[in-house]
Chemist: 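Have a look at this one.
Each chain gets a letter, A, B and so on, in the order the sequences are listed, and its residues count up from 1.
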Amino acid sequence: MDKYNPAEIEAKWQQAWKEQQAFTAPNPGNAGAADRSRKSYVLEMLPYPSGTLHMGHVKNYTMGDVLARFRARNGLTVFHPMGYDAFGLPAENAAIKTGAHPADLTRINTANINQQLHRLGVSIDWSRELATCEPDYYKWTQYFFLKFFERGLAYRKEASVNWCPSCATVLANEQVVQGNCERCSTAVNQRSLAQWFFRITDYADRLLEDFDLLKSWPERVITMQRNWIGRSEGAEVVFRVADLDLDIPVFTTRPDTLFGATFFLLAPEHELVETLVEGTAYANPVRDYVASAGMKPPQGRAAAEREKTGEFTGRYAINPVNGEPLPIYVSDYVLMEYGTGAIMAVPAHDQRDFEFARKFDIEVRPVIATPGGAAAHGATMTAAYEEEGVIVNSGRFDRMPNREAGRAITRWLSSEHLGQAAVSYRLRDWLVSRQRYWGAPIPIIYCDRCGTVPVPEADLPVLLPDVEDYAPKGRSPIAASEEFVNTACPACGGAARRETDTMDTFVDSSWYFLRYTDPHNNREPFDKQVVNYWMPVDQYIGGVEHAILHLMYARFFTKVLYDLGMVDFKEPFTNLFTQGMIYYKGAKMSKSKGNVVNPDEHVGRYGADTLRLYILFIGPPELDVEWQDQGIEGSFRFLGRVWRFVSEVIEKTEALPQPAPDFGSAAGEAAALLGKTHRVVAKVTADISERFRFNTAISAVMELVNDTYLARDALLADDEGRVVLRFVAETVVSLLDPFTPHLSAELWHRLGNGDIWKEPWPQADWRRLKEATFELVVQINGKVRDRLKVPASASRQDLAAAARSSSRIAVYTEGKQIVKEIIVPGRLVNLVVK
RNA sequence: GCCGAAGUGGCGGAACUGGCAGACGCGCCGGACUCAAAAUCCGGUGGGGCUCACCCCCCGUGUGGGUUCGAUUCCCACCUUCGGCACCA
């Protein structure tokens with residue numbers, strides 16, 4: 001018997017898969033293409049090629065591979081492609097440091113990751129491999145930008161935007177975490193710049209509605225997106241400024257409190273601030289206030305605990321419901337980015353307004369009383385009343401429940417043309433410009449005569465030019481390339497300049513899953529029939545850190561493409577699984593903390609199969625788990641145990657009579673082991689397909705191997721036993737295949753069979769699942785007092801009788817009365833005694 | 001502050017619909033094999049008590065209550081940890 005040598009067999013089978021193109025999935029119309037009802041698109045989030053794969057990647061790709069291999073062996077045509085999210089800052093920053101070209105660095109890194117993925121043995125259709133930084137990919141990213149532009153979904157505007165001083169580029173709202181850059185954690189500040197946006201806000205309602213189309217998305221991911229979109233229903237109400245010919249609309253979710261408004265607020269950035277104070281004595285203090293608000297970092301301004309500040313403008317806004325003049329203040333707790341940048345303030349029913357009113361000594365006027373009681377007194381209230389209640393002090397709306405009053409007031413405003421029902425969103429348009437080098441150039445040309453002109457489709461791709469210096473200087477490095485910038489206007493032929501910003505790399509990854517379906521198409525981004533055949537993705541797997549960013553952008557992109565008639569589906573990812581992180585020494589693995597476990601080292605020492613097995617055995621895949629250095633040793637030992645057991649079976653069963661005898665006569669230990677085998681088949685199948693519980697699937701196979709070792713000597717004694725052992729060996733090898741494909745391929749072959757990845761998945765024989773006897777638990781008053789071996793066929797009466805006649809039970813029932821019997825067939829009998 | 005997830009042996013974790021808590025693995029202890037060691041195989045391993053021959057009893061799933069014949073599982077309150085959002089009108 002030779003020793004388990006993972007290095008040797010893994011190289012051998014990886015070579016075999018490569019030569020046979022074992023995991024190539026043919027497109028419709030080609031030989032071997034399956035009926036669409038049998039397709040399964042299994043996808044893991046594509047890696048950013050930053051040098052090497054880390055353990056999170058190993059977990060992600062192993063999980064995807066287990067599903068892909070499992071589904072393939074269950075008769076599905078599996079589509080399992082891979083690519084690289086290859087544009088982005090790390091390569092560019094490395095280029096700045098070393099002087100190498102980002103393209104060269106990226107090529108080295110993607111090649112390395114390709115090698116690592118091959119060494120992991122993942123069943124990828126490599127014929128569809130792509131990198132988002134290749135011109136034949138980003139040509140189509142630019143093409144989509146033009147399509148968005150045509151539809152008015154890509155637009156340029158001057159706006160206050162997030163600026164990361166360290167990355168020297170602007171960021172989308174989604175890429176600012178707690179006021180810091182999502183990538184480098186530097187504090188983000190605001191700059192006013194002309195930038196390109198995608199109109200994702202137009203799709204806010206559809207992004208919300210279509211959650212209904214998503215199956216098995218984790219609730220928390222949907223909740224995070226829902227909160228991020230932040231839809232609020234309310235009303236827009238127009239206030240007129242006294243003495244000036246000016247109307248200012250406000251958005252409110254509480255039209256029911258309109259009669260309680262006692263002042264009015266503008267955001268410091270509001271365009272009418274200057275108009276209100278110009279030429280008055282209030283001008284200078286207000287201007288000073290606006291200027292100081294602009295200096296504050298946004299996260300400081302957003303602190304709820306901060307004391308309210310503001311400045312009176314000397315002007316008054318007329319409350320449309322009662323004609324009352326409300327003093328207009330400027331305050332930085334009003335955000336220009338939300339609603340209209342102006343609010344009516346109702347201190348009695350909004351805590352923020354309440355704090356402001358107390359500080360500036362403004363009247364607090366309650367208009368909602370507690371449901372059965374009275375309204376508070378504005379002068380003595382210590383906090384705003386934000387609960388539901390009954391309307392008071394509001395003229396003819398008095399005594400209405402407040403929610404109903406809100407609707408009635410909105411209707412009245414609408415009929416008087418003073419306002420209407422309105423919806424507001426927290427979601428902002430997606431800022432896609434980046435002032436960096438390593439990304440897809442935005443295909444736009446600026447002409448003095450013709451204005452903003454899209455690059456004609458025939459001229460795509462707009463190639464990224466080579467430049468001398470990649471260092472960020474607050475504008476894109478490609479702006480330094482005269483050759484690139486200066487061009488002819490496609491409309492008039494006159495001198496014009498190219499846009500020099502590149503696109504956010506999240507644009508690249510918003511459609512890569514579509515390109516996989518038709519990656520070599522050079523006439524269009526993909527063939528419509530082909531994309532509709534493979535899409536949507538049946539199972540998407542990735543980290544929860546993309547809950548909002550990538551997953552929302554990709555959903556948006558897909559909806560736009562649907563509207564363009566390019567795809568026939570509205571959602572890209574039908575099922576989503578978000579994996580937990582791997583911790584080490586109590587913390588996330590990170591280079592700066594120095595607690596990184598390198599996958600290559602473990603593949604080198606134990607082999608890929610051991611690593612794959614261990615990373616799934618360690619715990620439930622959706623939870624964060626702790627990496628244990630000694631734990632992987634156990635997985636390696638287990639595979640050695642499987643290897644020795646199967647090798648021994650091969651030796652001892654060579655001379656078996658052919659054809660093999662039927663199991664029908666199996667009895668005793670042979671029958672017990674057969675039963676166990678079928679139960680394990682059923683459990684592993686269910687754990688993989690229904691629950692994603694790979695850890696318990698693996699432990700079930702371990703149990704089977706343990707049982708087999710104990711029964712081995714007895715079973716080797718006769719032919720019938722040997723036949724059973726051989727069956728168990730084949731089943732173990734087959735069940736492990738999704739987890740340890742190299743080991744299984746090798747042992748399956750040695751057992752005298754063909755290629756295991758082409759074999760059907762084992763089926764549990766339902767007749768053998770049931771055990772002949774079971775252990776009946778007998779409880780007295782809920783405490784376990786005895787266990788009895790009883791036949792599985794025993795009736796309820798039999799169980800009760802068996803329980804009562806137990807000598808151990810007699811001790812507890814003697815001299816007492818059995819007041820109740822609870823009988824759970826197949827499990828227990830509980831006797832309640834008094 | 002609001003929303004969500006999680007708290008089980010020395011450690012990672014299991015217990016699927018309310019029914020034997022601790023499967024499986026790590027670690028540790030003991031035995032077999034060996035001149036010896038490694039590897040391997042077998043057994044033990046929540047805490048406490050006992051007439052400790054493994055018979056039996058008590059306690060035990062973050063804390064305190066509740067529902068139930070019976071609760072890791074359901075309900076209420078609280079504590080801790082981790083994620084998300086956070087002056088969004």
Side-chain angles (χ1 to χ4, degrees), chain A residues 3 177-178 218-228 230-232 234 250-254 257 265 267 299 301-306 308 331-335 337-346 349-353 355-356 424-427 544-545 547-548 580-581 583 588 614 617-620 622-635 637-638 640-641 644 683 686-687 690-691 693 695-703 705-706 709-710 712 775-787 808 811 819-822 824 826-833:
Chain A
K3 258 186 80 179
V177 178
Q178 313 256 310
E219 203 47 51
R220 61 175 171 153
V221 173
I222 291 178
T223 304
M224 281 164 74
Q225 289 201 7
R226 187 167 274 133
N227 292 342
W228 187 263
R231 182 181 201 273
S232 310
V250 304
F251 174 77
T252 178
T253 54
R254 300 297 305 275
T257 63
L265 292 169
Q299 67 270 34
R301 227 181 109 169
E305 312 80 40
R306 235 186 84 234
K308 299 287 177 285
S331 175
D332 66 7
Y333 82 85
V334 180
L335 308 174
E337 308 87 68
Y338 187 76
T340 63
I343 64 167
M344 65 174 205
V346 184
H349 303 293
D350 182 288
Q351 185 59 26
R352 298 155 297 172
D353 298 347
E355 286 162 21
F356 190 94
S424 196
Y425 301 91
R426 211 191 76 106
L427 180 70
V544 75
E545 65 273 17
I548 297 173
M581 282 185 301
Y583 283 68
K588 283 182 205 177
Y614 178 61
F617 180 65
I618 194 167
E622 71 277 17
L623 297 183
D624 294 343
V625 291
E626 174 90 15
W627 176 274
Q628 303 204 121
D629 286 318
Q630 282 161 324
I632 191 168
E633 194 82 37
S635 294
R637 280 208 286 261
F638 169 68
R641 212 163 140 83
R644 286 186 298 276
K683 177 164 176 63
D687 280 355
E690 292 163 25
R691 304 203 304 159
R693 298 302 282 262
N695 53 331
T696 52
I698 293 164
S699 73
V701 181
M702 287 174 169
E703 279 184 51
V705 172
N706 289 347
Y709 263 85
L710 295 180
R712 186 181 52 169
E775 200 174 62
L776 177 74
V777 169
V778 184
Q779 298 182 330
I780 300 293
N781 293 342
K783 293 197 176 201
V784 180
R785 296 300 182 189
D786 200 4
R787 298 161 216 271
R808 283 213 179 123
V811 179
V819 291
K820 202 169 176 184
E821 284 179 351
I822 288 111
V824 184
R827 289 189 192 274
L828 59 69
V829 170
N830 185 15
L831 302 177
V832 184
V833 302

Chemist: Establish whether the base of B:rG4 is bridged to the side chain of A:Glu219 by a donor-acceptor pair shorter than 3.5 Å.
Modeler: no
Chemist: State whether A:Arg785 places a side-chain N or O below 4.0 Å from either non-bridging phosphate oxygen (OP1 or OP2) of B:rC57.
Modeler: yes
Chemist: Would you say A:Arg637 reaches B:rG27's phosphate, i.e. side-chain N/O to OP1/OP2 under 4.0 Å?
Modeler: yes
Chemist: Suppose you measure atom P in B:rG13 against the same atom in B:rC69; what distance do you get, rounded to whole Å?
Modeler: 36 Å
Chemist: Check the phosphate of B:rA15 against A:Arg691, side-chain N and O only, distance under 4.0 Å to OP1 or OP2. Yes or no?
Modeler: yes
Chemist: Tell me which nucleotide, if any, is Watson-Crick or G-U wobble paired with B:rA23 when both distances must be under 3.5 Å.
Modeler: none
Chemist: Using whole Å, what does the distance between atom P of nucleotide B:rA71 and atom CG of A:Leu828 come to?
Modeler: 12 Å
Chemist: Across the strands shown, which category fits A:Trp627 at heavy-atom distances under 4.0 angstrom: base, sugar-phosphate, nothing?
Modeler: nothing
Chemist: Closest approach to the side chain of A:Ile822, judged atom by atom: which nucleotide of B:rU40, B:rC69, B:rG12 is it?
Modeler: B:rC69
Chemist: Determine which nucleotide pairs with B:rU17, using a 3.5 Å limit on both distances of a Watson-Crick or G-U wobble pair.
Modeler: none
Chemist: Please state the P separation for the pair B:rG47 and B:rG60 - nearest whole angstrom.
Modeler: 16 Å
Chemist: Identify the nucleotide, in any strand shown, that forms a Watson-Crick or G-U wobble pair with B:rG64, with both distances under 3.5 Å; if there is none, say none.
Modeler: B:rC76
Chemist: Need one value for A:Ile698: base, sugar-phosphate or nothing, where a base atom within 4.0 Å counts as base even if backbone is also close, heavy atoms only.
Modeler: nothing
Chemist: Using atom P of each nucleotide, how far apart are B:rU61 and B:rU73 to the nearest Å?
Modeler: 9 Å
Chemist: Consider side chain to side chain contact (heavy atoms under 4.5 Å, CB included). Of A:Lys820, A:Glu821, A:Arg785, A:Gln779, which one does A:Leu831 pass it with?
Modeler: A:Glu821
Chemist: Among the nucleotides B:rC16, B:rC20, B:rA89, which one has an atom lying closest to any side-chain atom of A:Lys683?
Modeler: B:rC16
Chemist: Is a donor on one side and an acceptor on the other found under 3.5 Å between the side chain of A:Asn781 and the backbone of A:Val833?
Modeler: yes
Chemist: Report yes if at least one side-chain N or O of A:Arg226 is closer than 4.0 Å to OP1 or OP2 of B:rC85; otherwise report no.
Modeler: no
Chemist: OP1 or OP2 of B:rC42 versus the side-chain N and O atoms of A:Arg641: is any pair under 4.0 Å?
Modeler: yes
Chemist: Categorize A:Val824 for me: base, sugar-phosphate, or nothing, with a 4.0 angstrom heavy-atom threshold over every strand shown.
Modeler: base
Chemist: Considering Watson-Crick and G-U wobble pairs with both distances under 3.5 Å, what does B:rG83 pair with?
Modeler: B:rC3
Chemist: Could you tell me whether A:Ile618 contacts a base, only the sugar-phosphate backbone, or nothing, with contacts defined as non-hydrogen atoms closer than 4.0 Å?
Modeler: sugar-phosphate
Chemist: Would one find a side-chain N or O of A:Arg693 under 4.0 angstrom from OP1 or OP2 of B:rA23?
Modeler: no
Chemist: Would you check if there is a donor-acceptor pair between the side chains of A:Arg641 and A:Asn706 at a distance under 3.5 Å?
Modeler: yes
Chemist: For the side chain of A:Lys783, counting heavy atoms from C-beta on, which of B:rG27, B:rU40, B:rC59 is nearest?
Modeler: B:rC59
Chemist: Base, sugar-phosphate, or nothing: which does A:Glu703 touch, judged by heavy atoms less than 4.0 Å apart?
Modeler: sugar-phosphate
Chemist: Touch check for A:Glu821, heavy atoms < 4.0 angstrom, all strands: base, sugar-phosphate only, or nothing?
Modeler: nothing
Chemist: Counting the atoms with a prime plus P, OP1 and OP2 as sugar-phosphate, which does A:Tyr709 contact under 4.0 Å by heavy atoms, base, sugar-phosphate, or nothing?
Modeler: sugar-phosphate
Chemist: Judged by each residue's nearest nucleotide on RNA chain B, which is more toward the 5′ side, A:Val544 or A:Met702?
Modeler: A:Met702
Chemist: Scan every strand shown for a Watson-Crick or G-U wobble partner of B:rU40, both distances under 3.5 Å, and answer none if you come up empty.
Modeler: B:rA32
Chemist: Please work out if A:Asn830 contacts a base, only the sugar-phosphate, or nothing of the nucleic acid, heavy-atom cut-off 4.0 Å.
Modeler: base
Chemist: Does B:rA89 have OP1 or OP2 sitting under 4.0 Å from an N or O in the side chain of A:Ser232?
Modeler: yes
Chemist: What nucleotide among B:rA21, B:rA89, B:rC42 has an atom nearest to a side-chain atom of A:Leu335?
Modeler: B:rA89
Chemist: By the 4.0 Å heavy-atom rule, please label A:Arg426 as base, sugar-phosphate, or nothing.
Modeler: base
Chemist: Which nucleotide, B:rG13, B:rC42, B:rC20, lies nearest any side-chain atom of A:Val777?
Modeler: B:rC20
Chemist: B:rU72 and B:rA23: how far apart are their C1' atoms, nearest whole angstrom?
Modeler: 15 Å
Chemist: Pick base, sugar-phosphate or nothing for A:Asn695, based on heavy-atom distances below 4.0 Å to the nucleic acid.
Modeler: sugar-phosphate
Chemist: So A:Gln351, base contact, sugar-phosphate only, or nothing? Heavy-atom distance under 4.0 Å.
Modeler: nothing
Chemist: Only pairs with both distances under 3.5 Å count, Watson-Crick or wobble alike; so what is the partner of B:rC54 in this structure?
Modeler: none
